[in-house]
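Presented below is the structure to which this report refers.
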Amino acid sequence: MTNLPGADLHLSEGCMAGIASMTNLPGADLHLPEGCMAGIACMTNPPGADLHLPEGCMAGIAMHEMSLCESILQVLEQQAEAQQYSKVKTVWLEIGALASVETEALRFSFDVVMQGSLADHAQLEIIEVPGQAWCMPCSRNVVVQQLYDLCPHCGSHQLQVNSGDQMRIKELEVE
């Protein structure tokens with residue numbers, strides 16, 4: 001969905017819209033009313049575009065990243081019990097270029113989800129892993145920036161991703 005300049009989007013009270021991807025262009029206003037629970041999976045709001053979120057609005061911007069952070073917290077809690085630690089100071093995450101994770105949304109979600117937990121105020125360090133795929137015609141590994149890229153050597157679509165499509169906890173600093 002793209003909110004074009006001059007085409008202001010007003011979602012009604014009680015709206016529970018599910019928007020997969022949203023771009024709010026400069027000169028366009030997005031008004032989410034109180035009680036709105038719109039689920040916006042990926043949101044771009046560049047300078048010059050106004051986004052109005054009233055108090056009580058539960059718009060789920062970056063829902064995917066929020067659920068990833070909730071899963072991270074579950075792993076941290078399980079490991080804290082198994083390894084007998086009570087506080088997480090730093091979390092290092094490896095995130096592949098093809099993992100469909102928006103790192104800024106993940107950072108925001110991490111801070112929100114970790115509040116009041118054993119990882120409250122923990123640092124999040126992100127290690128970016130490049131995407132790699134096996135090119136069948138070339139018979140070699142190639143670097144790819146996104147899913148469905150062409151082989152940079154022969155232009156083939158016959159690529160099989162073999163790295164860079166995962167996210168994992170690489171290391172923890174704990175007390």
Side-chain angles (χ1 to χ4, degrees), residues 1-5 9 17-28 30 38-49 51 59-80 82-83 85 88-114 117 119 121-174:
M1 171 189 246
T2 302
N3 193 23
L4 298 172
L9 178 62
I19 302 170
S21 181
M22 171 80 180
T23 302
N24 198 31
L25 295 177
L30 175 61
I40 303 171
C42 182
M43 173 75 175
T44 304
N45 195 55
L51 174 63
I61 299 172
M63 291 174 65
H64 172 66
E65 285 75 7
M66 190 72 74
S67 68
L68 290 175
C69 289
E70 289 169 352
S71 296
I72 291 167
L73 179 57
Q74 286 179 346
V75 170
L76 296 177
E77 291 171 342
Q78 291 168 354
Q79 290 303 308
Q83 297 184 30
Y85 59 82
V88 176
K89 295 174 71 176
T90 309
V91 176
W92 283 269
L93 288 181
E94 280 187 344
I95 302 176
L98 309 175
S100 299
V101 175
E102 177 61 46
T103 57
E104 289 308 309
L106 186 75
R107 287 183 189 283
F108 172 79
S109 298
F110 183 85
D111 290 340
V112 170
V113 170
M114 299 304 153
S117 75
H121 299 343
Q123 290 284 97
L124 176 61
E125 300 292 334
I126 295 177
I127 303 162
E128 295 180 12
V129 178
Q132 289 192 350
W134 178 257
C135 178
M136 292 179 210
C138 290
S139 295
R140 64 176 161 178
N141 272 326
V142 295
V143 175
V144 290
Q145 303 300 317
Q146 59 188 8
L147 293 173
Y148 310 111
D149 268 358
L150 300 175
C151 173
H153 301 287
C154 72
S156 172
H157 285 286
Q158 295 178 327
L159 299 176
Q160 183 172 354
V161 173
N162 57 23
S163 177
D165 60 347
Q166 68 281 350
M167 181 182 92
R168 73 180 185 110
I169 300 171
K170 179 171 176 59
E171 190 175 340
L172 297 175
E173 179 183 5
V174 299

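A 4.5 Å side-chain heavy-atom check between K89 and Q123 finds every atom pair outside the cut-off. Residues Y85 and L172 are in side-chain contact: their nearest non-hydrogen atoms beyond the backbone lie under 4.5 Å apart. Proximity of F110 to L93: side-chain heavy atoms (C-beta onward) are nowhere separated by under 4.5 Å. When side chains are defined from C-beta on, S156 does not count as touching L150, because their heavy atoms never get closer than 4.5 Å. Side-chain atoms of E94 and M167, non-hydrogen and from C-beta on, never get closer than 4.5 Å to each other. Proximity of I72 to V113: side-chain heavy atoms (C-beta onward) are nowhere separated by under 4.5 Å. Side-chain atoms of D165 and L147, non-hydrogen and from C-beta on, never get closer than 4.5 Å to each other. Put simply, the side chain of I127 reaches to within 4.5 Å of the side chain of K170, judged on heavy atoms.
Of the listed residues (V143, V144, L98), just one forms a side-chain contact (heavy atoms from CB on, under 4.5 Å) with D149, and that residue is V144.
Counting heavy-atom neighbours within 6.0 Å of H157 NE2, excluding the residue itself, gives a total of 12 or less. Crowding of E128 atom CD: a count of heavy atoms from other residues, nucleotides or ligands under 6.0 Å not exceeding 12.
Looking at S117, its side chain does come within 3.5 Å of a backbone N or O of M114 through a donor-acceptor pair.
Of the inter-residue distances, the one linking S71 atom OG with L76 atom CG reads 10.5 Å to the nearest 0.5 angstrom. Separation of atoms CD (Q158) and SG (C135) is listed at 7.5 Å; rounding is to 0.5 Å. Remark: W134 CH2 to Q160 CD distance equals 10.5 Å, nearest 0.5 Å. Atom CG of L159 sits about 6.0 Å away from atom SG of C151, to the nearest 0.5 Å. Taking CD1 of I126 as the start and CD1 of I95 as the end, the distance is 4.0 Å to the nearest 0.5 Å. Rounded to the nearest 0.5 angstrom, S100 OG and E65 CD are separated by 9.0 Å.
Of all the heavy atoms in C138 and C154, the pair that sits closest is SG-SG, 3.5 Å.
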| For Q79 and V75, what are the C-alpha separation, side-chain angles and deciding distance, and is it a side chain to side chain contact (heavy atoms under 4.5 Å, CB included)? | CA-CA 6 Å; Q79 290 303 308; V75 170; 4.3 Å; yes
| message | Working note: C69 + L106, criterion side chain to side chain contact (heavy atoms under 4.5 Å, CB included); need CA distance, chi angles, decisive distance, verdict. | response | CA-CA 7 Å; C69 289; L106 186 75; 3.5 Å; yes
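A side-chain donor-acceptor contact under 3.5 Å links E173 and T90.
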